[in-house]
Amino acid sequence: MRHEIVGIVQEVGPNVHRFKVGDHVGVGPYTNSCRDCEYCNDGLEVYCDKGVVLTYNRFDYDGTITHGGFSTFTVVHERYCFKIPEDYPLASAAPLLCAGITVYSPMMDHKMNKPGKSLGVIGLGGLGHMAVKFGKAFRLKVTVFSTSMSKKDEALTVLGADNFVVSSDQDQMKALAKSLDFIVDTASGDHPFDLYMSLLKTAGVLVLVGAPSEIKLSPMSLLIGKRSITGSVAGGTKQIQEMLNFCSAHQIYPNIEVVPIQYVNEAIERLIKKDVNYPFSVSSMAKANGKCLGWAATDASGVLSPFEFNRSRLGAAQAAKKWLVTYTRRLPKIGTATLLRAPKQGLDGRPG
């Protein structure tokens, strides 16, 4: 999860006003934008006209390259850093910053938070299971669609969905015709869209958050019934903070598997083999004299991250800006830096 980073503020720059030392914070899938276009001004930075700067492997506006969360520290403008409520587990907060906001944002945009409405969720992975959790928190009637019957118990018993349908079963699908107000489509594999559109009520909406290779759709699926299909990615800074607060208030926790950084190569192999149900939260616990100094920071190779060279460019120019630095190893003090380190307790999931 190189683009979902969590930790604790240790230092702040002189013009940072939203954070203080000790705050639990997170950084999501992007770390910069132009801050001047209509979308940035509306708090929709992810749709920045000049292009949002992703958290890893992208050129920032100053020409430097972002390196993500597998690093010893990272520099973040306070606008793109989010306060995580103190009672919310940091390991659980990490997936919210991408998977969580990716489904929360369109659900709010399309008013899928009205109790009593019906929601269909296609796919039950990292995004899909969060859509189910939000749907139940919004008191919606939730139906999960999956290609695998093996997901049934998970959907109904673990996540509390109201209905489960194997999408290849034509009889089950036809029985749901015109029954759903909304569908959140998280599937990235190719699948038939006309069939799912037929499940929507008049003026129903299907939101695509997965990335299939193509979309094949008859115009009549939209024209008859006034149905619509739209897409969405992540969310703006205001909405991300709103979502974090909502999850804390309603005790919504992603289902996660915590793995140590030393296991990251095996974790990637498991992803390739599809041997994983929910997001990995990668823990990097740097230790000195047996004491934990931090997490989510070390390269898989065990060497220091390329982020460390950024220390040389943190001087007066950045002191005038609202920059934070997050890192997990005690490095020489930097005038405008913020140290992010792990809390004393272990990196766990849901409390209790």
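Residue indices begin at 1 and follow the sequence shown.
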Margin query: Working note: N245 + S248, criterion side chain to side chain contact (heavy atoms under 4.5 Å, CB included); need CA distance, chi angles, decisive distance, verdict.
Written below: CA-CA 5 Å; N245 296 341; S248 177; 5.8 Å; no
Notebook entry, point to check: Do T186 side-chain atoms and G210 backbone N/O form a donor-acceptor pair below 3.5 Å?
Noted result: no
Notebook entry, point to check: In Å and rounded to the nearest 0.5 Å, what is the CD1 to CG distance from I84 to L244?
Noted result: 6.0 Å
Next item on the list: Kindly say whether G63 contributes a backbone atom to a donor-acceptor pair with the side chain of D60 at under 3.5 angstrom?
Entry: no
Margin query: Taking side chain to side chain donor-acceptor pair (under 3.5 Å) as the definition, give me every residue that meets it alongside D190, ordered by chain and number, with sequence neighbours left out.
Written below: S213
Checklist line | Side-chain donor or acceptor of R227 paired with backbone N/O of V205 under 3.5 Å | finding: no
Checklist line | Lys/Arg N to Asp/Glu carboxylate O, E214 vs K216, below 4.0 Å | finding: yes
Check: If you look at every heavy atom in T31 and L54, which pair is closest and at what distance?
Finding: OG1-O, 4.1 Å
Notebook entry, point to check: Do the non-hydrogen side-chain atoms of H110 and T230 ever get within less than 4.5 Å of each other?
Noted result: yes
Next item on the list: Could you state whether M108 and L44 fall into the same hydrophobic cluster, counting links through intermediate Ile, Leu, Val, Met, Phe, Trp or Tyr residues with side-chain heavy atoms under 4.5 angstrom apart?
Entry: yes
Item checked: Same cluster (ILVMFWY, side-chain, under 4.5 Å), V132 and I122 -> no
Note to self: Take a 6.0 Å sphere around NZ of K152 and say whether it holds more than 12 heavy atoms from other residues, nucleotides or ligands.
What the structure shows: no
Next item on the list: Mark yes or no for whether E78, through its side chain, and H17, through its backbone, hold a donor-acceptor pair below 3.5 Å.
Entry: yes
Next item on the list: Please identify each residue that fulfils side chain to side chain contact (heavy atoms under 4.5 Å, CB included) with D194, with sequence neighbours left out.
Entry: L217, S218, S221
Notebook entry, point to check: Counting only N and O atoms by type, is there a donor-acceptor contact under 3.5 Å from the side chain of S188 to the main-chain atoms of A211?
Noted result: yes
Check: Between T55 and I5, is any pair of side-chain heavy atoms under 4.5 Å apart?
Finding: yes
Check: What residues, two or more places apart in sequence or in another chain, satisfy side chain to side chain contact (heavy atoms under 4.5 Å, CB included) together with K117?
Finding: K114, L140, D181, F182
Check: Got Y253 and C247 here, is their nearest side-chain heavy-atom distance under 4.5 Å?
Finding: no
Checklist line | Closest approach of F193 to D185 (non-hydrogen atoms, all atoms of both residues) | finding: CE2-OD2, 3.4 Å
Check: Looking only at heavy atoms, what is the nearest atom pair of S146 and K151, with distance?
Finding: OG-CG, 3.5 Å
Item checked: Min side-chain heavy-atom separation L124-E154 under 4.5 Å -> yes
Notebook entry, point to check: Can you find a heavy atom in the side chain of V158 that is under 4.5 Å from one in the side chain of N255?
Noted result: yes
Next item on the list: Spell out, as yes or no, whether a donor-acceptor pair under 3.5 Å connects the side chain of H250 to the backbone of I252.
Entry: no
Margin query: Looking at every heavy atom in both L119 and A131, which two are closest together, and how far apart are they?
Written below: CD2-O, 4.0 Å
Next item on the list: Can you sort out the partners of F82 under ring-ring contact (aromatic ring centres under 6.0 Å, His included), two or more places apart, ordered by chain and number?
Entry: none
Item checked: ring pair (Phe, Tyr, Trp, His ring centres under 6.0 Å): pairs with one or both residues in residues 132-151, sequence neighbours excluded -> Y104-F134, F138-F246, F145-Y196
Notebook entry, point to check: With no hydrogens and no angle check, do the side chains of H67 and N57 hold a donor and an acceptor under 3.5 Å apart?
Noted result: no
Next item on the list: Verify the distance criterion only: is there a donor paired with an acceptor across the side chains of S148 and S150 at less than 3.5 Å?
Entry: yes
Next item on the list: Return the minimal non-hydrogen interatomic distance between P106 and V207, and the atom names on each side.
Entry: CB-CG1, 3.5 Å
Note to self: I need the minimum non-hydrogen distance between V165 and Q172, along with the two atoms involved.
What the structure shows: CA-OE1, 3.4 Å
Margin query: Between N41 (side chain only) and D36 (backbone N and O only), is there a donor and an acceptor less than 3.5 Å apart?
Written below: yes
Check: residues 231-239 side-chain donor-acceptor pairs under 3.5 Å, at least two apart:
unit_1 : atom_1 : unit_2 : atom_2 : d
T237   : OG1    : E45    : OE1    : 3.1
T237   : OG1    : E45    : OE2    : 2.8
Q239   : OE1    : S105   : OG     : 2.5
Q239   : NE2    : D109   : OD1    : 3.3

Next item on the list: State, with a plain yes or no, whether a side-chain heavy atom of H24 is found less than 4.5 Å away from one of K83.
Entry: no
Next item on the list: Please check if the side chain of T102 supplies one atom and the backbone of C98 the other of a donor-acceptor pair under 3.5 Å.
Entry: yes
Margin query: Using a 6.0 Å cut-off, check whether atom OH of Y61 has over 12 heavy atoms from anything other than its own residue.
Written below: yes
Margin query: Just so I know, are the side chains of L96 and M243 near enough to count as touching, which here means a heavy-atom distance under 4.5 Å?
Written below: yes
Margin query: Would the distance check show the side chain of D23 and the main-chain N or O of V25 forming a donor-acceptor pair, the cut-off being under 3.5 Å?
Written below: no
Check: Is there a donor-acceptor contact under 3.5 Å from the side chain of S118 to the main chain of K141?
Finding: no
Next item on the list: Using a 4.5 Å cut-off on heavy atoms from C-beta on, say whether the side chain of Y80 contacts that of V27.
Entry: no
